[in-house]
Colleague: 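Provided herewith is a single structure, encoded as structure tokens, for subsequent inquiry.
Proteins come first, then strands; the chains are lettered A, B, ... in the order of their sequence lines, and each starts at number 1. Because the structure is predicted, anything quoted here is derived from the model rather than measured.
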Number of protein chains: 2
Amino acid sequence: MESVFEIIAEPNRRAILALLVSAEQSVGEIERRLRMPQPTVSKHLRVLREAGFVEATVDAQRRLYRLRPEPLQELDAWLAPFRRFWSAHVDALERHLDRMHAAPGTKKSRSRQ
Amino acid sequence: MESVFEIIAEPNRRAILALLVSAEQSVGEIERRLRMPQPTVSKHLRVLREAGFVEATVDAQRRLYRLRPEPLQELDAWLAPFRRFWSAHVDALERHLDRMHAAPGTKKSRSRQ
DNA sequence: CACGTATATTCCTTTCGAGGTATATACAAG
DNA sequence: CTTGTATATACCTCGAAAGGAATATACGTG
């Protein structure tokens with residue numbers, strides 16, 4: 001389970017991350033809110049911790065988990081080239097629609113090129 | 001393999017997507033460029049196709065695969081809340097550094113609260 | 001139609017990760 | 001020191017997905 005991508009492939013882990021985005025939570029709180037067995041929560045938290053997605057501070061017997069930004073930023077960076085791609089795509093669509101609007105009756109106007 | 005996240009968890013699939021971001025490619029081209037056995041390429045392309053990441057057009061015996069934006073946009077949308085989180089984080093860090101700069105000698109200035 | 005090329009599919013095997021149950025560890029309080 | 005609470009870990013089992021090898025399908029050409 002090397003990569004950021006594998007880490008967030010697991011739905012329960014994504015749920016935990018989504019929960020932590022608002023505020024830090026103890027294991028028990030996560031357990032209750034997500035209705036997830038405690039060992040499951042602990043195991044996923046371990047994975048998230050070792051991958052740098054979360055960090056914990058000790059408060060008596062509790063551990064308070066909070067989000068760390070780096071791995072998600074890495075994911076964001078991975079998306080960058082594709083973002084360029086799809087904005088180009090939207091532009092192309094807009095131009096296409098513009099052309100259709102400019103020349104309305106041209107039924108078989110020429111697909112491709 | 002339901003989710004977008006599971007699809008991109010596989011490194012070879014990410015490589016294929018990265019390759020297609022510049023231009024459409026035939027299966028053979030992908031095979032050569034990524035030095036991947038042909039059945040492997042075809043199987044990953046199937047997964048990507050069924051998940052809507054790519055589409056193919058037929059050109060004689062070749063199939064030309066190209067990227068589709070939607071699933072990656074979905075991923076981008078999932079990231080949005082976290083983006084808000086980490087920009088807040090950066091802001092907090094900046095404010096913190098500003099304060100340190102303003103009051104330099106205050107060694108044990110008060111952790112927490 | 002036979003053949004070559006391009007791609008898809010099938011079958012098999014192996015690996016890995018997730019969940020469940022039980023148990024260990026850590027801390028607080030009486 | 002015993003008990004209760006909070007969290008972590010160990011062990012086991014199961015399913016799913018990836019890779020390899022072989023084969024099927026589709027198309028073009030002589």
Colleague: For A:R63 and D:dA8, what is the distance between atoms CZ and C1' respectively, to the nearest whole Å?
Modeller: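 One finds 8 Å between C1' of D:dA8 and CZ of A:R63, rounded.
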
Colleague: Hey, does the side-chain of A:K43 have a donor or acceptor N/O within less than 3.5 Å of a partner on the base of C:dG17?
Modeller: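 No pair found.
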
Colleague: Within residues 26-39 of chain B, find the residues that approach DNA chain C with a heavy atom at under 4.0 Å, and present them sorted by residue number.
Modeller: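 Close to the strand are B:S26, B:V27, B:G28, B:Q38, B:P39.
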
Colleague: Using a strict threshold of under 4.0 Å (side-chain N to carboxylate O), is an ion pair present between A:R46 and A:E50?
Modeller: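 Result for this pair is yes, salt bridge flagged.
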
Colleague: Which whole-number value in Å describes the distance from B:M1 CE to D:dA16 C1'?
Modeller: 9 Å

Colleague: What integer distance in Å separates B:D59:CG from D:dA26:P?
Modeller: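 Taking atom P of D:dA26 as the reference, CG of B:D59 is at 17 Å.
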
Colleague: Could you check whether any side-chain heavy atom of B:R33 comes within less than 4.5 Å of a side-chain heavy atom of B:Q25, counting everything from C-beta outward?
Modeller: yes

Colleague: Can you tell me the distance, in whole Å, between the CD atom of B:Q61 and the C1' atom of D:dA24?
Modeller: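 So the CD-C1' distance, B:Q61 to D:dA24, works out to 16 Å.
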
Colleague: Does a nitrogen or oxygen in the side chain of B:H44 sit under 4.0 Å from OP1 or OP2 of D:dG19?
Modeller: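 Affirmative; the distance criterion is met.
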
Colleague: To the nearest Å, give me how far apart CG (A:L45) and P (D:dT7) are.
Modeller: 10 Å

Colleague: Ion pair present between B:R66 and B:E55, side-chain N to carboxylate O less than 4.0 angstrom?
Modeller: yes

Colleague: Is B:E10 touching bases, backbone alone, or none of the nucleic acid, heavy atoms closer than 4.0 Å?
Modeller: sugar-phosphate

Colleague: Report yes if a side-chain nitrogen or oxygen of A:R46 is closer than 4.0 Å to either non-bridging phosphate oxygen (OP1 or OP2) of D:dT7; otherwise report no.
Modeller: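 No, no such contact exists.
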
Colleague: To the nearest Å, give me how far apart CD1 (B:I16) and C1' (D:dA18) are.
Modeller: 13 Å

Colleague: Say whether, by atom type as modelled, one donor and one acceptor occur between the side chain of B:R13 and the main chain of B:I7 under 3.5 angstrom.
Modeller: yes

Colleague: In whole angstrom, what separates A:L64's CG from C:dA26's P?
Modeller: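 Distance, rounded to whole Å: 19 Å.
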
Colleague: Is it possible for you to say whether A:L48 and A:M36 belong to one hydrophobic cluster, with membership spreading through side-chain heavy-atom contacts below 4.5 Å?
Modeller: yes

Colleague: Can you name the nearest heavy-atom pair linking B:V21 to A:P81, along with the distance?
Modeller: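 Nearest heavy atoms, B:V21 then A:P81: CG2-O, 3.8 Å.
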
Colleague: How many Å lie between CG on A:N12 and P on C:dG17, as a whole number?
Modeller: 16 Å

Colleague: For residues A:W78 and B:I8, determine if any side-chain heavy atom of one lies less than 4.5 Å from a side-chain heavy atom of the other.
Modeller: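 Of all side-chain heavy-atom pairs linking B:I8 with A:W78, at least one is under 4.5 Å.
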
Colleague: Describe the nucleic acid contact of B:T40 in one word from base, sugar-phosphate, nothing, applying a heavy-atom distance below 4.0 Å.
Modeller: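 Sugar-phosphate only.
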
Colleague: Any side-chain N or O of A:Y65 below 4.0 angstrom from OP1/OP2 of D:dA6?
Modeller: no

